[in-house]
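Residue numbering restarts at 1 for every chain, and letters A, B, ... go by the order of the sequence lines.
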Amino acid sequence: MTDVTLKDLTLRYPGAEAAAVADLSLRIASGQITALLGPSGGGKTTILKLIAGLLRPDAGDIAFDGQSVLPLAPEARGAVMVFQSQLLFPTMSVADNVGFGLRMRGRPKPEIDRRVTEMLDLVQLPGFGPRRPAELSGGQQSRVALARALVTEPRVLLLDEPLAGLDAHLREEMRDLIAALQRSTGVTTLVVTHDQEDAAALGQAVALMLDGKIVQHGPPEALYGEPATAAVARFFGNPNAVPGRAAGGVFHSPLGPLDLPRDWPDGPGLLTIRPEAITLGQGGGNTVEMEVATTAYLGTHTRLTLHRDGVTLIAHLPPDAARGVEKGGRVTVGLPSRALWLLPDGPA
Amino acid sequence: MPGGARTFLLLAPALVVIGVLFLGGLGVAVLRSVGYMPLIGLTDPSLDAYAALLSNRDFYRSLALSLHISITSTLIASVIAVGAALLLRRGFAGRGIVSFLFQLNLTVPHLVGAIGILYLFSQSGSFARLGYQVGLIDQPGQFPALVYDPFAVGIILQYVWKEVPFIGLVVLAQMQGIGADYEAAARSLGARPWQAFRHVLLPLILPGLLASSAIVFAFTFGAYEIPALLGQSHPQALPVLAYRLFTDVDLAARPQAMAASILIAAISGVMVWAYVALTRRRVGG
Amino acid sequence: MGRALRTTLGTVLILWLVLPLIPLGLWSFARGWRWPDLLPPVWTLDAWAYALSQTGGVLQSLWTTIAIALAATALSLLIGIPAGRALGLHRFRGKALVELLILAPVIVPGIAVVFGVQTVFVSLGLTQSAMGVILAHLIPVLPYTILVMAAVFSGFDTAQEDQARSLGASPAQAFRHVTLPAIAPGILVAGLFAFLVSWSQYILTLVIGGGRVETLPLLLFGFVTSGRNDIAGAIAMINILPGLLILFVTARRLTGRSAALPGILRP
Amino acid sequence: MAKSIRLAAALGLMLTGPVAGDTADGDALIGQDWDTIIEMARGGEVNWFLWGGSDTINQYVSEYLGGILEDEYGITLNRVGLSDTVEAVNIVLGEAEAGVTEDGSVDLIWINGENFRTMVQADLAWCGYPGTLPNNDLIDWDNPSIATDFGVPVDGCEMPWNRAQFAIAYDSARTEMPPRTIAELIDWVDANPGQFTYPAPPDFNGSVFVRHVFYHAAGGVDALLGPFDQALYDEVAPRAWEILNAMEPHLWREGQTYPTSITQLDQLFANSEVAFSFNYDPSQFGLAVESGLWPETVRSYGFADGTIGNTNYTLIPFNSPNKAAALVLQNLLISAEAQLEKARPEVWGTVPAIDLGAVPDEIRAEFDALPSHPSVVAPEVLAEAALPELQAEWIAAIEQGWIENVGR
């Protein structure tokens, strides 16, 4: 069980204009899976490499259990990185790949063989040892890469986009496998992903990184329902933002007064609600009549664009409920007060 | 047009040229080496030329010298080339100059390099003169014999100079294709830098390293002009011996020259095969 | 590896690469440069004057070398492009054997082949002639051209040609407007290597050309074995020139990965 | 633009290779009226194969001789530079073997000694034409050193071009008392280890040096003259090898290796690695000083017990396609004017092969007025102690014996 602290990390690649990582601080709780979420190309992989020791920061510190690991070479840190492309060594068999870390540490061969067999069983690839990496499917390669990392019993496991490039059903299998393996080993794990769903499913905590900064760090539910900024909300697929002013537990907006779930400090603010929280007809308190600008049937839900007094809301309704709603018509929608959230950073 | 015929037509000119010039040249050499050329009235095949060559002590000394030259130069050049490629892969001041010089060097004929080596390393060459100017030696004879010497140091120096960029560029291209991530993965799994190189990168660059160094091996074994220029009077490198036999005014020596050329072909073929097989077993995954 | 160590090693490498060329350059301007002088005591243009004179034979030799290298390059491209296409794009029985045959001249030294070739060329009247030398140069040149072109074609998608045909192009038009532009950079690389391989040939030219076809390497060998270091220096500089020129002209194309694109250049 | 045209022209010319000449038939030329021969040669070309390692000789050939051929006869002279004359012999041999009897590629070779013997024995030389050349009158065929080439009778198969006599070069600034005889040289080498060496035979000049030692071991040359005598050889040779092997540890690099050519020795001498160089053609010393290779303090001399002299020639191979042009060139080579030009120290400085008694007086006067190069021992001085060459079989046996008993 190791907890990892990143403090004011900064790294600029030679020749690059902007820093890849700037003044980044993050605490990764021990024994948990933390998902580092952010759009592609946001410097997330760089952070993994910094923790693994494959890059040296220009400034800042990395500590495991309070001890700085900056002086340690990658092989001495016990932080194993699993690359997005798995990077199984093509010149070695699967067994040699899995046993690689132990061989490098000079462990006796019988022990290596035993541990390799165990690990292959654990990732549900028994008997795959003699094969070559090129003979494996993508999902199998991912599992070998995972086995190869875990066999060294690392203090910290760093997974870079472990689910990218897998089919939908393989993704779920792999998610479950990662979660199960993490539970059984208890290794502190940092998963990098650009997919909010993967982050929510895998991470006991999610750190959202936008523009090189951690903008919100907490349980996945919080990032969904209680975004810290409009940008966080938008990243999680919530474009709804209504300007107005809170006063005495009521939010005064162009849509009329809306009851807030609890007392909020008075002042101007930006109100948000997740599209799937919006109901048709009465529900949960506030009701508003709005004009239907567009409707789109999307299989699992129907998407409505609603207008009123310069405010646009997006609502996701169950297809059954949305039957009969017509473009250009007027509908009454419910904005349940328990689903309302005032963005802390105020009006945009 | 059926695919097979089309393929054949595309290949035909190349096969004709290589078949006639290369195989034909080899074939004629074989025929002449056994003294069978009905066109010029030779109809009694015999292995006399081979017997004469193989019973000559000079032949074995030449063979040993040529093997020494090619094995030593290939090994040294390969090691330095891999080191240079590792260096070039990372950024360092002057990297642009090195890669320019690598490419320039590829275009410089061997002979030019050999003359440069001669002017640098002979006993009255630039280094010897430097030694004199700083008071290390009083006269040329005190400078170590590095050209026209029994250990073929000058010849090897020239080959190393010329082949490091060749192997280096091939290996560098492979390294760039592979990227740094495999080694990073190995490091992250607990490999020390040397282990990551030895167990991960080296097997990955092996195909390019093998191909290029095998070419170097064959070339240094069979090249004429460098040992002719930088070698000592006796023993001579095998190609120099073969050329001398070929240009002997005694026409009786010609079958021996042909036999020597066939032996050069056979030996370089076998050695390249053995080298590739051996290296693959020792280094391959 | 520390940055300082890398820089040091790199500097040593640069010095080592440049060093042999320096005395060559100095010699071409030197006179009476004897032990133990570190630098020439007298600087002169005599060697260059001889090398550039109409009767010295160096200029004629330069034209001969260029003409032969260009001809060998053109021929090898003409033959090598179709063969490269067959090897790069088609699968067929006996392909491994064909590849081995094409590779063989790279592994088997020229001296092993040239005596036999000379014997035949004499009776065909091809010795002592540039034509014979050009043909002989094809032996080492052609494999490189074919291998480079095979690598180029293996990265070429023939669907582009099909697309052109379905849009109304004749096979020739499809080749001219679609295939050729796609493989042009590869042809340039193959051509450069072919030129340089021919440019540096020594033993093939010597045995087949018989002295009558005097390329720069032959001339250079003659002067250096005659002890004329000054003239040898000047010829050596002239000998380096085309490579330098090619490098500057194609600097962009040849940098980085493509520099070693074929992975199969000549040593 | 001009360059690309030249390039195209060069390529076009070369692609054709040698063309079958119209004057391949030698019999039709012998005894022909000289003007007719000139007319047959006009507009053609002649391919002259000769050692090409000296820029001054090259310029004499290309500019002086080539210029006259071009201007006066419309003949193009192709000077083909060789590293070793044996290359040209080899070309003709190969052609003869392949049945190329008319359109050979060699029209003229600068030659003598063993190479001449090879050509004659293999019946590759065209013979019997000297009387056809107007300037043949300048040749003293009664002089045995002209009429025999290393013991082989010339018999009208080649024309003399230069005469030469072996001499030793030393730097007067470094070596005050050079050894004046072979015996002194042997002692000198013992006393000055590492300061002497000689090129390994079969290098032409190395071979001559070994013959001097051989003469010394035989106690004089007289017994060795005449055809090869195995019994005599077996008696003399061991003494010669003993001398040379005793010398070996005191040679440059302890005799572990020898220079492979005279030019390597010249370089060693130039850079003070050894104290002496030598040459069959002392005019080379002057050229070496003029080109800056050697210091101006170089002087030369012959051994008091004599040095070997020879004549070198030009030869027309049997399958030369341009025999008429080759004759015109040969006639020019032995003209008094061309020999005078060649004798000038700044041009070459060689000893004429023609009989100076037969040249016109004014040219004779110019010959007499030629300045001598301070580094080149005067031919008259050398001639005071001249030794004859051995027959070619002797030379071959000595070279082979050296390789087997000393060289390896």
Asp58(B) portion near chain D, given a 4.5 angstrom heavy-atom threshold
side chain
Do other residues, nucleotides or ligands put more than 12 heavy atoms under 6.0 Å from the [atom1] atom of [X]?
X: Tyr60(B); atom1: OH; answer: yes
X: Glu296(D); atom1: CD; answer: no
X: Tyr132(B); atom1: OH; answer: no
X: Glu404(D); atom1: CD; answer: yes

When rounded to the nearest 0.5 Å, the distance separating NE2 of His234(B) from OG1 of Thr260(D) is 13.5 Å
Quick one: pull up CG in Asn271(D) and CZ in Arg129(B) and give me the separation to the nearest 0.5 Å.
5.0 Å
Student check: side-chain heavy atoms of Gln123(B) and Arg253(D) closer than 4.5 Å:
yes
Side-chain donor/acceptor of Ser233(B) to backbone N/O of Thr257(D), under 3.5 Å:
no
Counting heavy-atom pairs closer than 4.5 Å to chain B, which one of Gln121(D), Met119(D), Gln264(D), Gln267(D) comes out on top?
Gln264(D)
Relative to chain B, which segment of Asp84(D) carries a heavy atom at a distance below 4.5 Å: side chain, backbone, both, or neither?
neither
Non-hydrogen atoms of Pro140(B) and Glu273(D) that approach each other most closely
CB-CG, 3.2 Å
Between Thr247(B) and Asn90(D) the two heavy atoms that sit nearest each other are O-ND2, 2.9 Å
Listed by residue number, which members of residues 65-80 of chain B have a heavy atom under 4.5 Å from any heavy atom of chain D?
none
Residues of residues 193-206 of chain D under 4.5 Å from chain B (heavy atom pairs)?
Gln195(D), Ala200(D)
